[in-house]
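First up is the structure itself, then whatever we jot down about it.
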Amino acid sequence: MLAILAGMAVSGSVTSAQTTGAEFRPVRVLLNITDDPARKAVVSWRTEAATEAKGQIAIASADPRFVKDAATVAAESVPVTVPNGRTVYYAAARFKDLKPNTQYAYRVGSDKGWSEWVHFTTASDRPAPFNFVYFGDAQNDIKSLWSRAVRRAFRDLPYANFFLHAGDLINTANSDNEWEEWFEAGGWIHGAIPCVASPGNHEYGRDPQDNTKRSLSAFWRPQFVMPENGLPGLERTNYFFDYQGARIISLDSNVRIDEQAKWLERNLQNNPNRWTIVTFHHPVYSTAKGRDNKAVRDAWQPILQKYRVALVLQGHDHTYGRRNVPTGVTARDAKSGTVYVVSVSGPKMYRLGDEATTTMPRVAEYTQLYQLIRVSERSVKFEAYTVTGELYDAFELTKGKGGENIFRDRSPKSPNRIEKG
């Protein structure tokens with residue numbers, strides 16, 4: 001039997017979906033990554049009215065009678081006041097004691113309204129190949145134009161183990177309409193593929209209690225129920241999880257940078273995984289004209305290099321660029337080390353800076369992209385695609401005898417996409 005949130009089981013058998021009103025219908029359903037993706041899953045959603053929220057889960061079967069075997073868990077629920085003054089309700093169902101590498105079906109809601117049954121597969125509890133998609137900033141015209149990035153990525157990698165978002169998912173931290181667009185752009189995909197999200201500067205808005213300060217979007221923690229194993233106070237923004245032989249780390253580059261540096265070093269000192277991938281919003285090496293995140297670079301880059309992190313996945317600069325940096329070397333043609341990537345998936349674009357065009361072998365501007373990343377014990381394979389399906393960049397990392405990351409450029413021979421003038 002599955003462990004139940006707060007140790008309380010919800011009585012009653014699985015019933016057919018009831019539709020007593022749209023206000024009870026689950027919307028913005030999101031499958032979140034957890035600190036143990038082989039044995040846990042968390043699903044969050046929203047309703048317009050308060051209800052006795054819960055989730056139901058069973059091992060998936062072609063026989064529709066699987067629903068009789070579903071376990072029911074109580075969900076935590078919190079009210080959130082949206083800008084027009086009305087109160088909505090965010091719920092999260094925590095499914096525990098799952099079997100590794102197993103396909104499950106779940107639904108969420110209440111007896112007043114249920115979602116459909118959705119399939120997902122838990123991670124293996126041992127090293128094994130896996131795939132994921134990495135997105136830079138979505139931010140603007142989300143439903144109109146970012147939708148083609150997330151949907152094309154799903155077409156290319158429909159069995160991705162998770163989708164990773166490197167911040168600025170929206171433009172205005174507390175805009176309910178923009179968050180609605182983000183969920184509509186991905187649709188049911190958000191509920192079927194685990195989400196890994198790090199906040200960008202646009203996820204921080206004016207603090208309602210103090211206009212001189214900025215605070216995390218009121219929507220972030222209710223809807224992105226990420227792991228809570230980072231620094232106290234940065235729950236669901238600074239965290240890590242281990243996935244089939246790799247450690248994935250999220251840092252919040254908006255706040256407490258020096259404190260997170262100490263946390264990062266402790267985390268990497270005790271890392272049993274072959275590969276490490278780190279994501280945050282503000283780039284170590286900026287690609288956009290006139291930008292430089294010196295505080296982030298000074299605090300985090302020496303640690304990333306010291307512990308031979310394979311990939312650093314970033315956003316913020318609305319351009320594309322990659323730079324591989326061995327310890328003590330910044331050469332354009334470096335053949336080993338940590339690879340730093342900046343990308344953009346939405347339509348807002350900046351111009352490339354001179355440093356990017358002179359130090360990075362592959363760059364682009366005015367190009368919407370998404371990245372497919374395939375991880376195995378032997379290698380990390382990276383491919384960047386335009387939203388029209390063109391392979392734009394590619395490389396492969398393998399491990400050297402001393403544990404260093406050996407870089408092999410697999411990019412196409414097409415020229416960099418740089419606007420003239």
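Remember, predicted model here, so these are calculated numbers, not experimental data.
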Compute whether any side-chain donor of one residue and acceptor of the other, for [X] and [Y], lie under 3.5 angstrom apart.
X	Y	result
Ser253	Asn293	no
Arg362	Ser411	no
Arg28	Gln223	no
Asp252	Tyr204	yes
Asn238	Arg256	no

Specify whether [X] and [Y] have parallel, tilted or perpendicular ring planes, treating 30° as the upper limit for parallel and 60° as the lower limit for perpendicular.
X	Y	result
Phe241	Tyr239	parallel
Phe162	Phe130	tilted
His190	His165	tilted

Quick check: closest heavy atoms across [X] and [Y], and the distance to 0.1 Å?
X	Y	result
Val363	Ile418	CG2-CD1, 4.0 Å
Val309	Thr276	CG1-O, 3.5 Å
Gln244	Pro129	NE2-O, 3.1 Å
Val133	Ala153	CG1-CB, 3.8 Å
Val387	Tyr370	CA-CE2, 4.1 Å
Thr319	Ala288	OG1-N, 3.9 Å

Check: Would Tyr285 and Gln301 count as a side-chain hydrogen bond (donor to acceptor under 3.5 Å, both in side chains) if you check the C-alpha gap in whole Å, the side-chain angles of each, and the deciding distance to 0.1 Å?
Finding: CA-CA 10 Å; Tyr285 297 104; Gln301 197 262 357; 3.1 Å; yes
Counting only N and O atoms by type, is there a donor-acceptor contact under 3.5 Å from the side chain of [X] to the main-chain atoms of [Y]?
X	Y	value
Asn229	Phe240	yes
Thr388	Thr386	no
Trp275	Ile248	no
Glu377	Gly245	no
Ser345	Gly136	yes

Note: [X]-[Y] ion pair, threshold 4.0 Å (strictly below):
X	Y	result
Glu76	Arg94	yes
Lys40	Asp36	no
Arg46	Glu48	yes
Arg374	Glu383	yes
Glu390	Arg417	yes
Asp292	Lys294	no
Arg323	Glu355	yes
Lys348	Asp141	no

Item checked: Set of salt bridge (Lys or Arg N to Asp or Glu O under 4.0 Å) partners for Arg151, sequence neighbours left out -> none
Note to self: Does Arg126 have more than 12 heavy atoms from other residues, nucleotides or ligands lying within 6.0 Å of its CZ?
What the structure shows: no
Margin query: Atom CG of residue position Asp354 - does it have more than 12 heavy atoms of other residues, nucleotides or ligands inside 6.0 Å?
Written below: no
Rounded to the nearest 0.5 Å, what's the gap from [atom1] on [X] to [atom2] on [Y]? Could you check?
X	Y	atom1	atom2	value
Asn84	Thr87	CG	OG1	9.5 Å
Leu164	Ile33	CG	CD1	9.5 Å
Ser77	Glu52	OG	CD	11.0 Å
Arg308	Lys399	CZ	NZ	7.5 Å
Glu184	Glu181	CD	CD	7.5 Å
Asn405	Thr338	CG	OG1	6.0 Å

Next item on the list: Identify the residue among Trp188, Tyr159, Phe163 that makes a ring pair (Phe, Tyr, Trp, His ring centres under 6.0 Å) with Phe154.
Entry: Trp188
List the atom pairs, with distances to 0.1 Å, where a side-chain N or O of residues 192-202 and a protein N or O form a donor-acceptor pair under 3.5 Å, not counting sequence neighbours.
| residue | atom | partner | partner atom | Å |
| --- | --- | --- | --- | --- |
| Ser198 | OG | Ser250 | OG | 2.6 |
| Asn201 | OD1 | His281 | NE2 | 3.0 |
| Asn201 | OD1 | His316 | ND1 | 3.1 |
| His202 | ND1 | Asn171 | O | 2.5 |
| His202 | ND1 | Asn171 | OD1 | 3.4 |
| His202 | NE2 | Gln139 | NE2 | 3.2 |

Can you find a pair of side-chain heavy atoms, one from [X] and one from [Y], that are under 4.5 Å apart?
X	Y	value
Lys381	Arg410	no
Glu203	Asn254	no
Leu313	Ile277	yes

Notebook entry, point to check: Taking the six-membered ring for Trp, is the centroid-to-centroid distance between Trp182 and Phe224 below 6.0 Å?
Noted result: yes
Notebook entry, point to check: Tyr243 and Phe132: aromatic ring centres closer than 6.0 Å?
Noted result: no
Check: Asn32 and Arg236: side-chain hydrogen bond (donor to acceptor under 3.5 Å, both in side chains), yes or no, with the steps?
Finding: CA-CA 10 Å; Asn32 299 265; Arg236 306 185 186 182; over 6 Å; no
Item checked: From Leu231, Val296, Leu264, residue fulfilling side chain to side chain contact (heavy atoms under 4.5 Å, CB included) relative to Leu251 -> Leu264
Margin query: I'd like to know whether Tyr320 forms a side-chain hydrogen bond (donor to acceptor under 3.5 Å, both in side chains) with Asp393, so could you lay out the CA-CA distance, the side-chain angles of the two residues, the decisive distance to 0.1 Å, and finally the verdict.
Written below: CA-CA 10 Å; Tyr320 179 84; Asp393 192 18; 2.6 Å; yes
